[in-house]
Amino acid sequence: MAERTPRTRGRDPLGLKRAMADRLLPGLVAAMALLAALALAGANAAATMASRWEGGAAAAMMVQLPRSIAVAPAAARLAALPGVAEAIPLDHDRLAALLRPWLGDASGLPLPGMIELRLTSLGPASLALPAAIEATIPGAQVEAHGVWVARLSALARSLQALAWLVLALVAGVAAAMVAVATRAGIAARRATILILHDMGATDGTIARRFAGRIAWLAGLGAVLGAAAAAPLLWLLGGLAAPLLGDTLTMPWAALAALPPAAAAIAWATAHAAVRLWLRSLP
């Protein structure tokens with residue numbers, strides 16, 4: 001009985017399955033995918049924090065009125081100022097409730113009139129608003145949260161930009177690793193490549209063989225990295241929930257997109273590397 005020819009040889013004429021190990025590259029890509037997932041989560045959390053701060057305490061001011069000024073008319077005058085979305089009078093009972101954790105029963109204390117201002121935005125108009133309030137109501141004292149919250153928001157935006165920079169760096173390092181692995185595969189199968197090239201195999205055919213193998217290994221590694229990142233992101237999301245509330249959502253869609261993105265980067269990098277090497281042949 002005639003011996004059967006292994007079918008894998010016909011499917012892998014370059015012998016890439018033996019030349020390119022299926023452990024090292026997937027392991028490295030898995031580590032890169034894990035770092036990319038953490039960078040995505042960091043960028044998402046930083047954006048959530050910035051939005052929460054910009055829409056919360058940053059967009060509020062507290063105005064303490066002189067005792068001779070009635071609260072309701074003053075609130076109407078302050079609501080008409082540019083940059084003010086709403087002026088909310090704080091009555092005596094609400095002020096007493098706010099002070100209860102520190103002073104106990106403050107219902108009998110002579111509390112000043114207070115107005116909470118909600119701002120439309122944190123633009124240049126908000127910076128000039130304290131002076132406009134003092135000009136509208138002489139003797140009023142303004143406590144603006146926008147200054148320090150704006151700094152916190154800027155810090156969060158900087159962290160978001162840094163996370164995206166880390167993600168780009170991870171993608172660059174992954175592409176470099178793929179290029180090195182491709183060059184190693186070329187060196188291991190150089191003789192076979194030259195024979196097939198001399199026999200008429202086109203540059204595109206050879207490049208696609210390499211790119212397909214590399215993309216498969218990179219996609220496999222990214223799946224492993226994303227699977228390892230999923231429980232970690234779930235845990236970090238639970239820890240951050242008390243700080244960011246229900247507004248925080250983990251980037252699950254981006255996490256699911258990591259494997260195809262890694263495979264696409266690997267395919268393009270390997271394809272370009274093989275074509276460049278083939279063009280350098282005499």
Side-chain angles (χ1 to χ4, degrees), residues 26-62 83 85-86 98 101 116-127 143-178 218-266 269:
L28 294 175
V29 174
M32 294 294 102
L34 178 60
L35 293 177
L38 294 178
L40 286 170
N44 185 70
T48 302
M49 282 192 295
S51 299
R52 186 178 177 87
W53 286 335
E54 289 172 357
M61 287 185 179
M62 296 297 296
E86 186 180 8
L98 293 175
E116 180 182 358
L117 300 183
R118 291 289 175 176
L119 310 183
T120 56
S121 65
L122 291 178
S126 64
L127 299 178
E143 181 181 354
H145 307 291
V147 175
W148 61 270
V149 175
R151 293 175 181 174
L152 290 177
S153 179
L155 175 61
R157 295 299 182 187
S158 300
L159 292 176
Q160 183 185 13
L162 180 61
W164 286 115
L165 181 61
V166 169
L167 184 62
L169 181 61
V170 167
V173 171
M177 290 191 310
V178 167
L220 177 62
V223 168
L224 297 176
L232 185 58
L233 294 186
W234 180 82
L235 178 61
L236 293 176
L239 294 176
L243 299 176
L244 299 179
D246 297 333
T247 57
L248 177 63
T249 57
M250 287 292 102
W252 301 119
L255 185 65
L258 281 179
I265 293 175
T269 303

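Because only heavy atoms are used, hydrogens play no part in the values below, and waters and symmetry mates are left out as well, while side chains stay in.
- Note: T269 OG1 to M177 CE = 10.5 Å, rounded to the nearest 0.5 Å.
- The minimum heavy-atom distance linking A262 with A218 is given by the pair O-CB, 4.0 Å.
- Taken from CG in L162 to CG in L167, the straight-line distance is 11.5 Å, to the nearest 0.5 Å.
- Of all heavy-atom pairs spanning A229 and A37, the tightest one is CB-CB, 3.5 Å.
- In plain terms, the two heavy atoms of V29 and A222 that are nearest each other are CG1-N, 3.7 Å.
- For the residue pair A47 and Q160, the shortest heavy atom distance occurs at CB-NE2, 3.4 Å.
- Atom CH2 of W252 has more than 12 neighbouring heavy atoms from other residues, nucleotides or ligands inside a 6.0 Å radius.
- For the side chain to side chain contact (heavy atoms under 4.5 Å, CB included) with L233, the qualifying choice from L38, N44, L40 is L38, the only one to do so.
- Contact between V166 and A39 at its shortest, heavy atoms only, is CG1-CB, 4.1 Å.
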